[in-house]
*Asks:* 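The structure's right below; bear with me while I get my questions together.
So you know, we letter chains A, B, ... as the sequences are listed, proteins then strands, and number each from 1.
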There are 2 protein chains.
Amino acid sequence: MLKHSKQRDAIKNFLADRYDHPTAETVYMNIKKEFPNISLGTVYRNLSLLAEIGEIQKLSTGIGPDRFDGNTAPHYHFICNCCGNVLDLNVNGLEHINILAAQDFDGEIEGHVTYFFGKCPCCKANGRAS
Amino acid sequence: MLKHSKQRDAIKNFLADRYDHPTAETVYMNIKKEFPNISLGTVYRNLSLLAEIGEIQKLSTGIGPDRFDGNTAPHYHFICNCCGNVLDLNVNGLEHINILAAQDFDGEIEGHVTYFFGKCPCCKANGRAS
DNA sequence: GATTATATCAGTAATAGTTCTTAATATTGG
DNA sequence: CCAATATTAAGAACTATTACTGATATAATC
C-alpha cells in the first residue's frame, strides 16, 4: 500500500520540469532547497519507486551515475561523447526493432533500451573532439 | 607504448573461448587458476584497456556489474528479465538506426548501444515469470 | 476527533563495483 | 646486458547505491 508523501511529490515535480536528466545527487541538491532535511537515501528510494511504478524513467547509460527522466512518453536518449550531456531524441520507426530481434530468437522479446552516442549540436558547432 | 603481458593475454584468451559474457569477478576467478597471484585490479585494468583498444566489448546493462564479451563482431545482446542471463543476438537491418536517429538532430550520431529484454528460450519453455 | 497500523522519513552504516596508489617486477628498445 | 618504463600484486580509497534504525507522517478505522 502506497502512502502519499511530500518528499516524493517534490521529487516527481522537480523531474517533470526538467529536460536535462539529472542524477540522484542533483535531485537531492535541488529538493534540499524545499526540504533542507531530506536525506539522499530518501531521494534514491523514491526515484527507484517512481521508476518502478512507471512515473519516471531511469537511465543507466553505463557512463557515470544513473540519471532520471520525468518524461514517460516513449522517446530515446543521446549521450554526447564530448561533454557527457544527455539529450532527448525522438526517433521514428524504431518500434519494430523488437520484431527484428525476435526473428531468429526462440525466447520472447519484451522491450529494448537504446542509447545513441556522438557529438551534441553544441560540441559539433564548437569543433570539440569526441 | 603498450607492452606485452601474460596476464592480459590470458584474460583475452579466456574471453575468446566463452559466450556467456562474464563479469570482471568471473574472469578473475578463472584466470586465478592459471595465475594464482593475479589481482582483481589487474583484471579490471586489462579489461578496460582491451575494451578501449577494441579487442573486447564491455557491456553495461544497467543491471548488476559490467560484463565482457570477447566477440568483437557486430552483434546485439539480450538480457533475460527472469534469470538475468545475457545472450548474443544477431539482428539484421539495425545498421540504419543511426540514420533514423540523425533525422531530426543537429548533432552527430556516431553509434548506438542497444539491449533487448525479455524471456530467454529456457525461461520461456519453463513458464517462468519475468 | 482519537486510535491504530504502517509507509515513509532522516541519519547513518554498510555494500558493490571499480579505480587509484605504491613499491616491486617484467618487458622491450638500445 | 642495461636502462627505461609498462605492468604487476596488494590493498586503500572512492563512487554510487542500498539497507538498517528508531522516529514521524499518513491514512484507515473506530
Side-chain angles (χ1 to χ4, degrees), chain A residues 1-15 20-69 77 79 84 86 113 115, chain B residues 1-15 20-53 55-69 79 84 86 113 115:
Chain A
M1 189 227 169
L2 195 67
K3 279 186 186 168
H4 199 246
S5 114
K6 287 162 185 157
Q7 290 89 339
R8 185 154 57 234
D9 277 356
I11 291 169
K12 193 183 162 190
N13 291 336
F14 172 72
L15 282 178
D20 63 343
H21 317 89
T23 63
E25 184 68 29
T26 304
V27 173
Y28 173 58
M29 296 306 258
N30 280 274
I31 299 296
K32 227 174 175 170
K33 294 171 190 165
E34 190 182 348
F35 295 87
N37 293 334
I38 201 167
S39 94
L40 185 53
T42 298
V43 172
Y44 270 106
R45 188 167 30 76
N46 280 305
L47 286 171
S48 295
L49 185 59
L50 288 167
E52 206 168 311
I53 63 179
E55 306 212 343
I56 65 171
Q57 252 195 281
K58 180 176 180 173
L59 310 180
S60 300
T61 64
I63 302 165
D66 289 348
R67 291 162 168 273
F68 297 87
D69 188 343
H77 293 100
I79 298 138
V86 179
V113 165
Y115 296 106
Chain B
M1 188 228 170
L2 195 66
K3 280 186 185 170
H4 199 246
S5 115
K6 286 162 185 159
Q7 290 89 336
R8 185 153 57 233
D9 277 357
I11 290 169
K12 195 184 161 190
N13 291 337
F14 173 72
L15 282 178
D20 63 343
H21 316 89
T23 62
E25 185 69 28
T26 304
V27 173
Y28 173 58
M29 296 306 259
N30 280 275
I31 299 294
K32 227 174 174 171
K33 294 171 190 166
E34 191 181 348
F35 295 87
N37 293 334
I38 200 167
S39 94
L40 186 54
T42 298
V43 172
Y44 269 105
R45 189 168 28 75
N46 280 305
L47 286 171
S48 295
L49 184 60
L50 287 167
E52 207 168 310
I53 62 179
E55 306 212 344
I56 64 171
Q57 252 194 282
K58 180 177 180 171
L59 311 180
S60 300
T61 65
I63 302 165
D66 288 348
R67 290 161 169 274
F68 297 88
D69 189 343
I79 298 137
V86 179
V113 165
Y115 296 106

*Asks:* Closer than 3.5 angstrom, by distance alone: can the side chain of A/Ser60 be matched with the main-chain N or O of A/Gly62 as a donor-acceptor pair?
*Replies:*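 No: the side chain of A/Ser60 does not pair with the backbone of A/Gly62.
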*Asks:* Of all residues at least two apart in sequence or in a different chain, which pass the salt bridge (charged side-chain N to carboxylate O under 4.0 Å, His left out) check with B/Lys58?
*Replies:*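 Only B/Asp66 meet the salt bridge (charged side-chain N to carboxylate O under 4.0 Å, His left out) criterion with B/Lys58.
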*Asks:* According to side-chain hydrogen bond (donor to acceptor under 3.5 Å, both in side chains), who are the partners of B/Thr26, at least two apart in sequence or on a separate chain?
*Replies:* B/Thr23
*Asks:* Starting at the 5' end of nucleotides 6-14 of chain D, put B wherever the base has a protein heavy atom under 4.0 Å, S where only the sugar-phosphate does, and a dash everywhere else.
*Replies:* SSBBB----
*Asks:* What bend angle does the helix from C/dG1-D/dC30 to C/dG30-D/dC1 show across its length, from five-pair end axes and to the nearest 10 degrees?
*Replies:* 40°
*Asks:* Among all residues two or more places apart in sequence or in another chain, which pass the salt bridge (charged side-chain N to carboxylate O under 4.0 Å, His left out) test with A/Asp9?
*Replies:*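 Once residues adjacent in sequence are excluded, A/Asp9 has no partner under the salt bridge (charged side-chain N to carboxylate O under 4.0 Å, His left out) criterion.
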*Asks:* Please give, in whole Å, the distance from D/dC20 P to A/Tyr44 OH?
*Replies:* 18 Å
*Asks:* Could you tell me the boundaries of the chain B footprint on DNA chain C, defined by atoms under 4.0 Å from its heavy atoms?
*Replies:* C/dG17 to C/dT28
*Asks:* Could you pull out the closest heavy-atom pair between A/Leu59 and A/Tyr115, with the gap in Å?
*Replies:* CA-OH, 3.4 Å
*Asks:* What residues, two or more places apart in sequence or in another chain, satisfy side-chain hydrogen bond (donor to acceptor under 3.5 Å, both in side chains) together with B/Arg67?
*Replies:* none
*Asks:* So which atom in A/Ala24 and which in A/Val43 form the shortest heavy-atom distance, rounded to 0.1 Å?
*Replies:*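 Scanning both residues completely, I find the closest heavy atoms to be O-CG1, 3.7 Å.
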*Asks:* So which heavy atom on B/Ala10 is nearest to which on B/Ile31, and how close?
*Replies:* O-CD1, 3.5 Å
*Asks:* Please enumerate all residues that pass side-chain hydrogen bond (donor to acceptor under 3.5 Å, both in side chains) together with A/Glu55, with sequence neighbours excluded.
*Replies:*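 Checked A/Glu55 against side-chain hydrogen bond (donor to acceptor under 3.5 Å, both in side chains); matches are A/Lys12.
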*Asks:* I need the residues from residues 61-68 of chain A with at least one non-hydrogen atom less than 4.0 Å from DNA chain D; give them sorted by number, or say none.
*Replies:* A/Pro65, A/Asp66
*Asks:* Atom CD in B/Glu52, atom CG in B/Leu50: separation rounded to 0.5 Å?
*Replies:* 10.0 Å
*Asks:* Not counting sequence neighbours, which residues clear side chain to side chain contact (heavy atoms under 4.5 Å, CB included) with B/Arg45? List them please.
*Replies:*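 Expected list: B/Thr42.
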*Asks:* Measure the distance from CD on A/Glu25 to P on D/dA16 and round it to the nearest whole Å.
*Replies:* 8 Å
*Asks:* What pairs meet the ring-ring contact (aromatic ring centres under 6.0 Å, His included) rule with one or both residues in residues 21-59 of chain A, with sequence neighbours excluded?
*Replies:*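 As it turns out, the ring-ring contact (aromatic ring centres under 6.0 Å, His included) pairs with a partner in residues 21-59 of chain A, which skip direct neighbours, are A/His21-A/His77.
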*Asks:* Residues in side-chain hydrogen bond (donor to acceptor under 3.5 Å, both in side chains) with A/Asn13, at least two apart?
*Replies:*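 Listed in chain order: nothing, the list is empty.
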